[in-house]
Amino acid sequence: MNHRYEAKKFNLPADIPGLSAKQIEVHIGLYNGYVAHVNKLNEQLKSICSNEGDHTYAMTELNRRLGFEFNGMRMHEYYFEQLEGGATAVDSSSKFANMLQEKLGGFDGLIKGLTITALSRGIGWTVLYWDNVAQTPVMAWVSDHELGTLAGLPIIFAIDMWEHAFMVDYTPTEKAQYIEAYLNNVNWSVVSGRFI
Ligand SMILES: [Fe+2]
């Protein structure tokens, strides 16, 4: 709880087709808020720990909130980093491409699976994990930022399906257009680099 987190600066393209500068600006602002709240929570937890007395409930509530704020911070870092450098295709000779071919029937299978999962009702994230124990990719829906995360599985890809991620540019019934636009702008070399 001593660590102070710094909001990352993302190297995003000036033009992201399908996602306006205003949409990205608003969203980055929300990300900065998560970082600020993680730091605020940690400061309060540290303060409580250093004071005498029974702080059981205060600690419990702060710790519960930490999962929401921390994942809100970290999930957005996955999300924006995936746009850094601009769109690139998956390198067909990469380990990631081979995994997609073997496990999901190729890149099209990945996109289909992500899209179907992302169209789930509710707010949260569609996440592609890699289960190192079973040697298999796993697609999952995570509600809010933290409910439904899979223990011990590294995140390979994450798409934000909170309405704030697209409502500057799209209505709720145009969610599929947002998903398509986001996926078209992914730098897949960033994603592939997470699969090691
Ligand atoms: Fe978001």
Side-chain angles (χ1 to χ4, degrees), residues 3-42 62-87 110-111 113-130 138-150 153-191 193-194:
H3 185 75
R4 183 160 188 87
Y5 292 86
E6 295 289 334
K8 293 192 173 184
K9 304 289 181 202
F10 302 102
N11 179 26
L12 302 180
D15 181 37
I16 304 176
L19 290 172
S20 67
K22 183 70 179 174
Q23 176 68 73
I24 295 292
E25 179 193 340
V26 167
H27 205 172
I28 295 275
L30 291 171
Y31 158 68
N32 290 335
Y34 286 110
V35 179
H37 277 273
V38 169
N39 289 328
K40 194 172 178 179
L41 277 166
N42 278 331
L62 290 172
N63 280 323
R64 281 178 194 270
R65 290 192 63 103
L66 187 61
F68 177 84
E69 302 290 356
F70 184 92
N71 279 24
M73 170 181 73
R74 192 53 53 81
M75 296 295 271
H76 282 98
E77 290 169 356
Y78 285 110
Y79 178 84
F80 287 117
E81 283 169 4
Q82 288 159 190
L83 299 175
E84 286 191 310
L110 170 69
I111 295 300
L114 289 173
T115 301
I116 291 169
T117 310
L119 284 170
S120 300
R121 290 173 64 76
I123 52 167
W125 295 79
T126 286
V127 183
L128 176 71
Y129 295 95
W130 175 251
V138 181
M139 279 182 209
W141 176 265
V142 173
S143 293
D144 286 358
H145 303 302
E146 78 284 29
L147 305 172
T149 52
L150 303 178
L153 271 58
I155 292 171
I156 307 298
F157 178 84
I159 178 167
D160 191 341
M161 292 310 301
W162 282 58
E163 288 168 343
H164 69 234
F166 59 85
M167 278 196 65
V168 172
D169 294 334
Y170 302 96
T171 68
T173 57
E174 294 170 335
K175 202 154 75 167
Q177 291 176 47
Y178 156 68
I179 296 166
E180 186 178 4
Y182 183 85
L183 291 173
N184 282 338
N185 283 292
V186 171
N187 182 346
W188 289 101
S189 67
V190 171
V191 180
R194 294 177 187 153

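When a ligand or atom number is given, it counts from 1 through the structure's own listing order.
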- Salt-bridged, E81 to K8, with N to O below 4.0 Å? yes
- Message: If we ignore hydrogens and angles and just use 3.5 Å, is the side chain of W162 paired with the main-chain N or O of D144 as donor and acceptor?
- Response: yes
- Task: Measure distances from the Fe ion (ligand 1) and count the protein N, O or S atoms below 2.8 Å.
- Result: 4
- Quick one: CE on M139 to CG on L150, what's the gap to the nearest 0.5 Å? 13.0 Å
- Between Y79 and H27, what is the ring plane arrangement, given parallel below 30°, perpendicular above 60°, and tilted in between? tilted
- Flag, side chain of Q23 to backbone of V168, donor-acceptor distance under 3.5 Å: yes
- Check whether the ring centres of Y78 and H76 lie less than 6.0 Å apart, and answer yes or no. no
